[in-house]
Amino acid sequence: LAKDALRKGAGVDDPTILADDFEFCAPVVGPINKDEYIDALTNFDLLSAFPDMDNRFHNIRVDPFEHDRVWWSTRSVATHTG
């Protein structure tokens, strides 16, 4: 399920994969709800500047203490063209 969500742009390409009560929270952003999250990511067009971006997601795992939480690592590679 998590791998499918990452393939679908973490909800940007298909917001229906996110729960209605979805909440995004990062060290300097959030918490924001599903609508705010989708709006923020669709207005932040990273692929215009980096059209060949490859996020190279890896080490995808379920949190051993919070079973409804999934963690992953990424090492993005891209060429700046814009």
Side-chain angles (χ1 to χ4, degrees):
L1 188 60
K3 289 178 184 180
D4 188 45
L6 291 173
R7 277 191 289 272
K8 293 181 178 177
V12 175
D13 298 335
D14 182 5
T16 64
I17 66 168
L18 302 176
D20 290 335
D21 62 349
F22 171 87
E23 181 179 271
F24 177 83
C25 189
V28 295
V29 176
I32 60 176
N33 67 32
K34 177 180 175 177
D35 291 335
E36 293 168 323
Y37 169 79
I38 297 299
D39 185 54
L41 290 185
T42 54
N43 287 319
F44 185 68
D45 189 11
L46 198 58
L47 291 178
S48 287
F50 302 97
D52 64 344
M53 180 175 287
D54 178 4
N55 287 307
R56 302 189 318 172
F57 298 114
H58 63 283
N59 197 21
I60 299 169
R61 65 228 177 260
V62 175
D63 189 298
F65 302 105
E66 296 181 53
H67 301 289
D68 59 348
R69 176 174 274 183
V70 176
W71 297 95
W72 67 86
S73 301
T74 182
R75 289 197 172 187
S76 299
V77 175
T79 306
H80 185 266
T81 61

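Any value given below was found using the heavy atoms of this structure, including those in side chains, with hydrogens, waters and symmetry copies removed. Keep in mind that what you see is a predicted model, and the values were worked out from it rather than measured.
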Between N43 and D39, is there a donor-acceptor pair closer than 3.5 Å when you use the side chain of the first and the backbone of the second? yes
K34 and D20: which non-hydrogen atoms are nearest, and at how many Å? NZ-OD1, 3.8 Å
For the side-chain contact (heavy atoms from CB on, under 4.5 Å) test, which of N55, N59, I60 pairs with T74? N55
Would you say the side-chain atoms of R56 pair up with the backbone N or O of R75, donor to acceptor, closer than 3.5 Å? yes
Can you check whether P31 reaches E36 side chain to side chain, under 4.5 Å on heavy atoms? no
Cluster membership besides I32, Ile/Leu/Val/Met/Phe/Trp/Tyr side chains within less than 4.5 angstrom, sorted by chain and number, is V12, I17, L18, F22, F24, V28, V29, Y37, I38, L41
In Å, rounded to the nearest 0.5 Å, how long is the span from NZ of K3 to CH2 of W72? 13.0 Å
Between T81 and P51 the two heavy atoms that sit nearest each other are OG1-CD, 3.1 Å
Reported CZ-to-CZ distance for the pair R61 and R69, which is rounded to 0.5 angstrom: 11.5 Å
Partners passing side chain to side chain donor-acceptor pair (under 3.5 Å) against N33 (at least two apart in sequence or in another chain): none
Please give the remaining members of the hydrophobic cluster of W71, linking ILVMFWY side chains under 4.5 Å, ordered by chain and number. none
